[in-house]
Structures are given as C-alpha cells and as structure tokens.
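In what follows, every heavy atom counts, from backbone to side chain, and hydrogens, waters and symmetry copies are set aside. The first residue in the sequence is number 1, and the count goes up from there.
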Amino acid sequence: MRPHLLALAALASAFLVASARADEPDDPFAEPAPSSTDLPPLPPLAPLPDLAPLPDLPPLDLAPAPAPALSPAPAPALSPAPAPALSPTPTPTPTPTPTLSLSATPSAVLGQYDEYKRAVPAYSIDADPVTPAAYARCTAAGQCTRPSCTSSPTSSLSPSSATRVTCVDLAQAKSYCAFAGERLPTEDEWEHAARQASTLGMHATDDAAEWTSTPYCFFCGKDDQVVRGGPAGNPALRGWRSPATQDPALGFRCAKTD
C-alpha cells in the first residue's frame, strides 16, 4: 500500500510543475504585454482651419499673338579687293665682256728682265678693262659700292668701251669680278696676255695701272698688292699699291680659269 501512495504523490508533483511551466511566456526576458486597461486615452483632434477661397482666374484670350517684327538682315561686309601683285624688279645682270682665251703655257717668259720661265695654266682674260657702265650694273644689284671719283675717257679702249672705271680699291674690284662670275687675274696671267696684246687684241694696257690678285711680297710684312700696266708701256713693269688705294689712274679687268 505504501509504494502506491508514493507513486501517486510523485505523479501529482510532476503534474503541478508541468502546469506551472505551461503558464510561463516563451521569452523569459520579454516585457509583459500591457493590458488594454493600462493605455491612456487619446486627446481630442483639433478642428481644421477653414481654407481661403481661390481667386477667380481671368478668362483666356484666344486671339493669336502678333508676330514679332523682323529686323532687316545686316548687309555683308565688303572685303577690300586684293592689291595686284607687283612683279619683282629684275636684278641687273652683268653684260658679257669679250674675253681672250689663252692655252696653258709650260714655260712662259716673265719678269721685268725676262728672268723667269714659269708655267701658266689655261685661262681667259677680258679684252677690255671694266667700264663704268658695267660697274654701275653691279652697284645697282647691291653687289658693289660706288667708286670714289668719276672715270675719265680712255683713248686706247676698244670702240665699244670708251672709258674704264677707276677709283676703286682692291675689295671693290674683287666684288665686281665675283658679280661677273670671274676673278682678278694673277700677275703672271696679266703679264703673259699683255706681252701678246697686239696679237690677241688686249686693249688699254698702257694708260692706267690695273689690280691683280697677287700680293707684293718684295718687302715682307707689307700687305701691298701688285698692279700691272701703266703709261710706261712696258707689260713687264710691275708696281704695288695698298689694298685701300682709290686712284684715278688705277682700274682693273677680270679673268677666269678655263
């Protein structure tokens, strides 16, 4: 009998524990839900203010709007007519001068006393000295500067050339020969041609001295230049002048290597 009582007492205890747990909420940390009786009453709503009436809209004007006045289009600007192109002024060119062509000479007799025999390569030399008209073309081309005096007539020039240009220094003479595509003759070339002047037709070798491209080195340390020809009429006679000399009795002619 006693064991049965103990078993019934245990069952009763278990039933009581289970009933107590069934009444507990799922979340032990959740706040208990308030009851409807705990909520405060809502305040009464304030009445809405009356809205102002909307203004009456003006009636629609269905008349077409006037078209905007068109302003006149500006006249196109007239561009100035281009100036006619000016043709360039032709550069003066040297007039060909009659030249004398001489063949190479292996042992030309040279010197004031025929004391030299030297080889002279083939060359050409002007038959006449440079004239003022020919020199003026070089001046007009901007390749030469003006002589320092007016040239005088020279009787022994060929009929086509009545005067020779004078009063030009060594640099001016070289400038003209370069303009003409030539150079000053060497001392040997001038003398070699002048010794045959009457045969070759070389003119005006005895009325004025002429520049050569050969320095005069008799007195070393001087920069004098050899000049040939002159009133003495001796083609072998040599003289010298300072390169800056501008003398009325000093002209020049040109030559070139063939």
Side-chain angles (χ1 to χ4, degrees), residues 94-135 138 147 151-170 172-174 176-216 218 224-241 245 247-258:
T95 301
T97 302
T99 59
L100 310 174
S101 296
L102 290 92
S103 302
T105 305
S107 56
V109 177
L110 302 169
Q112 190 168 351
Y113 305 103
D114 298 342
E115 66 268 33
Y116 302 116
K117 286 188 177 182
R118 290 195 286 260
V120 179
Y123 67 100
S124 296
I125 190 168
D126 293 348
D128 294 311
V130 177
T131 64
Y135 191 86
C138 183
S151 303
S152 58
T154 307
S155 58
S156 59
L157 287 172
S158 63
S160 60
S161 304
T163 57
R164 73 160 76 225
V165 67
T166 57
C167 296
V168 292
D169 59 24
L170 179 64
Q172 290 173 305
K174 287 183 176 180
Y176 174 85
C177 288
F179 170 73
E182 297 180 282
R183 57 173 174 77
L184 286 176
T186 65
E187 177 182 10
D188 287 354
E189 289 171 340
W190 194 98
E191 181 182 346
H192 180 236
R195 281 174 176 261
Q196 309 170 67
S198 58
T199 303
L200 296 174
M202 185 175 176
H203 306 114
T205 60
D206 58 356
D207 58 357
E210 296 181 9
W211 288 110
T212 74
S213 63
T214 304
Y216 184 79
F218 183 82
D224 291 335
Q225 198 80 3
V226 172
V227 297
R228 300 303 298 262
N234 181 359
L237 187 64
R238 67 198 303 258
W240 62 92
R241 297 288 187 278
T245 301
D247 194 317
L250 181 58
F252 68 101
R253 72 184 71 215
C254 302
K256 61 183 178 180
T257 304
D258 288 343

Correct closest heavy-atom pair for Gly233 and Asp206 would be CA-CB, 3.8 Å
On a heavy-atom basis, the closest approach of Leu184 and Ala173 is CD2-CB, 4.1 Å
Next item on the list: Would you check, one step at a time, whether the test side-chain hydrogen bond (donor to acceptor under 3.5 Å, both in side chains) holds for Thr131 with Thr163?
Entry: CA-CA 6 Å; Thr131 64; Thr163 57; over 6 Å; no
Across all chains, not counting sequence neighbours, the salt bridge (charged side-chain N to carboxylate O under 4.0 Å, His left out) partners of Arg241 are none
- [ ] Find out whether Val120 and Glu191 are in side-chain contact, i.e. whether some heavy atom of one side chain is under 4.5 Å from a heavy atom of the other.
- [x] no
- Are the side chain of Thr245 and the backbone of Asp169 linked by a donor-acceptor contact shorter than 3.5 Å? no
| said: Quick check: do Gln172 and Tyr135 have side-chain heavy atoms less than 4.5 Å from each other? | reply: yes
Looking only at heavy atoms, the pair that brings Ala208 and Ala249 closest together is CB-O, 3.5 Å
* **Short N-O contact, Arg228 and Glu189, less than 4.0 angstrom** => no
Contacts of Asp188 meeting salt bridge (charged side-chain N to carboxylate O under 4.0 Å, His left out) (sequence neighbours excluded), chain-then-number -> Arg118
Do Val130 and Cys254 come close enough that some side-chain heavy atom pair is under 4.5 Å?
yes
- prompt: Are the aromatic rings of Tyr216 and Trp240 close, with centres under 6.0 Å apart?
  reply: yes
Next on the checklist: Could you tell me if Thr99 and Asp126 have a donor-acceptor pair between their side chains, going purely by distance under 3.5 Å?
Outcome noted: no
With sequence neighbours left out, the residues meeting side chain to side chain donor-acceptor pair (under 3.5 Å) with Tyr123 are His192
- Hey, are the side chains of Val165 and Pro147 touching, using non-hydrogen atoms and a 4.5 Å cut-off? yes
Please test Thr257 against Arg183 for side-chain contact (heavy atoms from CB on, under 4.5 Å), starting from the C-alpha separation and ending with a verdict. CA-CA 9 Å; Thr257 304; Arg183 57 173 174 77; 2.8 Å; yes
The reported gap from NE2 in His203 to CG in Asp128 (rounded to nearest 0.5 angstrom) is 6.0 Å
Next on the checklist: In the structure I gave you, are the side-chain heavy atoms of Arg253 and Met202 within less than 4.5 Å of one another anywhere?
Outcome noted: yes
- Side chain to side chain, Trp190 and Phe252, heavy atoms closer than 4.5 Å: no
Can Arg164 and Glu210 be counted as an ion pair, charged N to O under 4.0 angstrom?
yes
Rounded to the nearest 0.5 Å, the CG atom of Asp258 sits from the OG atom of Ser101 at a distance of 5.0 Å
For Ala194 and Pro235, the nearest pair of non-hydrogen atoms, with its separation, is CB-CB, 3.7 Å
OG (Ser124) and CG (Leu102) are apart, to the nearest 0.5 Å, by 7.5 Å
Stepwise side-chain contact (heavy atoms from CB on, under 4.5 Å) test for Thr205 and Arg195: CA-CA 10 Å; Thr205 60; Arg195 281 174 176 261; over 6 Å; no
- prompt: Quick one: are Leu250 and Thr166 in side-chain contact, heavy atoms under 4.5 Å?
  reply: no
Under 3.5 Å, is there a donor-acceptor pair linking the side chains of Thr186 and Ser213? no
task = Output yes when a side-chain donor or acceptor of Glu187 lies under 3.5 Å from a complementary backbone atom of Thr212, and no otherwise.
result = no
